[in-house]
**Q** 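This is the structure I have questions about; it appears just below.
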Number of protein chains: 2
Amino acid sequence: MKIQVGIVDDQSQNLFSFSERLNYSKDIIVTLTAHSGIEFLDQMKKLSFRNYPSIVLMDIGMAGMDGIETVRNAKLLYPEVHFLMLTVFDDDDKIFEAIKAGADGYLLKNEKISLIIDCIIQLSEMGSAPMSPRIARKTLDLLIRATLPDSGNASGGNPFYTLTARETEILKLTVDGYEYKTIAEKLFLSSHTVRKHIANIYNKLHVSSKAQAIKIATKNRLI
Amino acid sequence: MKIQVGIVDDQSQNLFSFSERLNYSKDIIVTLTAHSGIEFLDQMKKLSFRNYPSIVLMDIGMAGMDGIETVRNAKLLYPEVHFLMLTVFDDDDKIFEAIKAGADGYLLKNEKISLIIDCIIQLSEMGSAPMSPRIARKTLDLLIRATLPDSGNASGGNPFYTLTARETEILKLTVDGYEYKTIAEKLFLSSHTVRKHIANIYNKLHVSSKAQAIKIATKNRLI
DNA sequence: AAAAAAATACTGCATTTGTGTTATTGCCCA
DNA sequence: TGGGCAATAACACAAATGCAGTATTTTTTT
C-alpha cells in the first residue's frame, strides 16, 4: 500500500515538480495537490476519511493563509495527518511557530528528492520527525534559548523544599529510574551514603517512598 | 586533509567497532579513543592544539563521569571541538541536558555507519547539527513542552503504550505513591493481582521498576 | 575559632518490590 | 466453538527499599 501524500504550494511549478518526482517512488502516491491553504482545506473537506493523505508537504511561504496558519487549522480537523513543512533559506526561522502549530517535520525545499522521500517514508512508518540538519541546528538553538532564562528561583519559594545540591542530584537520578547502587556508582559514593541522602530527602519532602518523592519532585520542578 | 575524530565509549567493543568502521572512510581518521570521560580529558591534555580531534563521538551512558558531564567539562577547555553524542534508545531523553552541556549533535548508536560518517563530514564542514530522526522528534517535543507548559494532548499517540483500563487505573495509583497493598485494598483486589498487573505494565512500557514506569507515564501523559 | 550544616559511611532489620510461573474465569470475535 | 485477551489469584525467591540509629570529615556560616 502506497503512502498517500498531499502537496501544498502556491507556485504551480513547485507543485508540479514535487508531484512528479515523488510519484517516481514506488512507496508514494500523490493524491492531493493544492495551490493555497484554503484550497487544501477545501479539498480535505470533500474527502472521506480513508482517502486523507497521511502526509502533507506544506510550503511555508505562501501568500494569503501561509503554511503555518494552514497547519494550525488543519491539525484541529485532521490530527492524524502529518505535516512536513517545506521552507527556503529565507524563512527557516519560522520553525518555531510551525512546530507550535503542529508540524511534524521541517525540510529545506532544495533538499535532494531522495532525502525528502526517505523522510516521508520514515515519518509514515515511525512517526519520527525528519529535519534538515540546518533546521535541526536552529531547533537546538531555540530549545536552549527557550529554557535557559529560568534561573530565577531564589529562596522566595518553599522553605520545606530546600534540598542541597547533592540531594537534588541524587533525587534527579532517582527520578530517572536508577536504583541506589547505580547512583552510588555514578557518583563514586557508597550506597550507604546514597541511602542516607535519600532518607534526608524524604524527611525534607515529608514523604516515605520513592514514588511519592518522584511525584513531589516533578510537580514542584525540584529537578 | 582528513577529519580527525575522537571516540569515547566505555565498552571496548564499541570503541573498536566504531574506530574501525570510521577509518574506512577516506575523509576520516580516528586519532583518539578513550574508555571514559576522565581518560578522554587526560588524553586531550597531552595533545597539542593542532592535534585536537575536530569531532568527538561521545557515548552518553558511561559509568562514572557520563558523556554529558564530560562534554560539559570539555567544552570549557576546548570550545572549538565538536561533540556528537551517541545514545541508545534507553537514554535518548537526555538530549536536553546534552544540548545545554554543549553537544553539537545527537545520534542513535545503531544508526547506519554511513549516516554517522555523513554527519561527521557535515558537522565538520558546515557546523550543522546532525540528528537522528527519532531524536529530532524528541527535540521538537521538548521544544513544544518548553514553551507551552500547559499543552493539550498529542493525539498522534503511541501505539506502543496501549494499556488497558485496569492497567491505567493501577498505574495511576502507583504514580500517586500508593504501594501495592494499598492499591489492592482500594480496588478490592488481591495484592497478587495488583502485582501481576504491574508486571504486565512494566512489560508494555519496557521498564523494570516503579521509578522508571512513573517517569514514562508522566512524560507521555499516560495517566 | 566555634557552631551549624552538609556530605560521607556503616549496621541491622522489616517491608516492599521485581520476576518467573501457573491457573481459572469471563468475554469477544472470527 | 475454539482461540486470544483481560482480569483475577496464588506461590516462592531474590533484590531493593525504608527506617532507625551512630559517627567522622568537610564545608559554610556566624
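Quick caveat: nothing in here was measured; it's all calculated off a predicted structure. So you know, we letter chains A, B, ... as the sequences are listed, proteins then strands, and number each from 1.
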**Q** Starting from the first five and the last five pairs of the helix from C/dA1-D/dT30 to C/dA30-D/dT1, work out the angle between the resulting helix axes, to 10 degrees.
**A**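 The end axes of the helix from C/dA1-D/dT30 to C/dA30-D/dT1 are about 60° apart, to the nearest 10°.
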**Q** A/Tyr180 side chain: which of D/dT17, C/dA9, C/dA7 is closest?
**A**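 For the A/Tyr180 side chain, the nearest candidate turns out to be D/dT17.
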**Q** Considering the options B/Leu15, B/Asp66, B/Asp59, which one meets the side-chain contact (heavy atoms from CB on, under 4.5 Å) requirement together with B/Asp10?
**A**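 Output: one option passes, namely B/Asp59.
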**Q** Report the nucleotide, chosen from D/dC19, D/dA7, C/dG18, that has the shortest atom-to-atom distance to any side-chain atom of B/Lys210.
**A**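 The listed nucleotide nearest to B/Lys210's side chain is C/dG18.
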**Q** Taking C-beta and beyond as the side chain, do B/Lys204 and B/Ile201 meet within less than 4.5 Å on heavy atoms?
**A**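 Side chain of B/Lys204 against side chain of B/Ile201, heavy atoms only: no contact under 4.5 Å found.
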**Q** Touch check for A/Lys196, heavy atoms < 4.0 angstrom, all strands: base, sugar-phosphate only, or nothing?
**A**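 Base, at least one base heavy atom under 4.0 Å.
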**Q** Between B/Lys172 and B/Glu169, is there a side-chain N and carboxylate O pair less than 4.0 Å apart?
**A**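 Answer for the salt bridge query: no.
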**Q** For the pair made of CG in B/Leu187 and C1' in D/dA9, what is the distance, rounded to whole Å?
**A**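 Checked: the CG to C1' distance equals 15 Å.
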**Q** Counting any heavy atom closer than 4.0 Å, what does B/Ser208 reach on the DNA or RNA strands: base, sugar-phosphate only, or nothing?
**A**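 Contact class for B/Ser208: sugar-phosphate only.
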**Q** Nearest of D/dT8, C/dA9, D/dG18 to any side-chain atom of B/Arg166?
**A**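 The answer is D/dT8.
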**Q** For the side chain of A/Leu189, starting at C-beta, report the closest nucleotide among C/dA9, C/dA7, D/dC11.
**A**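 Of the candidates, C/dA9 comes closest.
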**Q** Any ion pair linking A/Asp27 and A/Lys2 (charged N to carboxylate O, less than 4.0 Å)?
**A**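 Answer for the salt bridge query: no.
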**Q** Answer yes or no: is there a side-chain heavy-atom contact under 4.5 Å between A/Leu84 and A/Asp104?
**A**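 Side-chain contact under 4.5 Å: no.
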**Q** A/Ile198 has a side chain; which of C/dA7, D/dA7, D/dG18 sits nearest to it?
**A**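 The listed nucleotide nearest to A/Ile198's side chain is D/dG18.
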**Q** Please report, rounded to the nearest Å, how far the P atom of C/dA6 is from the CD atom of A/Glu169.
**A**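 Whole-Å distance recorded here is 16 Å.
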**Q** Take atom NE2 of B/His192 and atom C1' of D/dA9, then tell me their distance rounded to the nearest Å.
**A**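 It works out to 7 Å between those atoms.
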**Q** What contact category does A/Thr193 fall into here, base, sugar-phosphate, or nothing, at under 4.0 angstrom with non-hydrogen atoms?
**A**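 It contacts base atoms.
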**Q** Contact between B/Val175 and A/Ile214 at the side-chain level, heavy atoms closer than 4.5 Å - yes or no?
**A**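 Not touching, per the 4.5 Å side-chain cut-off.
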**Q** When you measure from the side chain of B/Arg195, which nucleotide among C/dT8, C/dG18, D/dA10 comes out closest?
**A**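 Nearest to the side-chain atoms of B/Arg195, counting from C-beta on, is C/dG18.
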**Q** Taking B/Glu167 for the side chain and B/Thr164 for the main chain, is one N or O donor matched with an acceptor at less than 3.5 Å?
**A**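 Yes; at least one donor-acceptor contact below 3.5 Å.
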**Q** Using heavy atoms to find the nearest nucleotide of DNA chain D for A/Ala199 and A/Glu179 separately, return the residue whose nucleotide is more 5′.
**A**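 Mapping each residue to its closest nucleotide by heavy atoms, the 5'-most match is A/Glu179.
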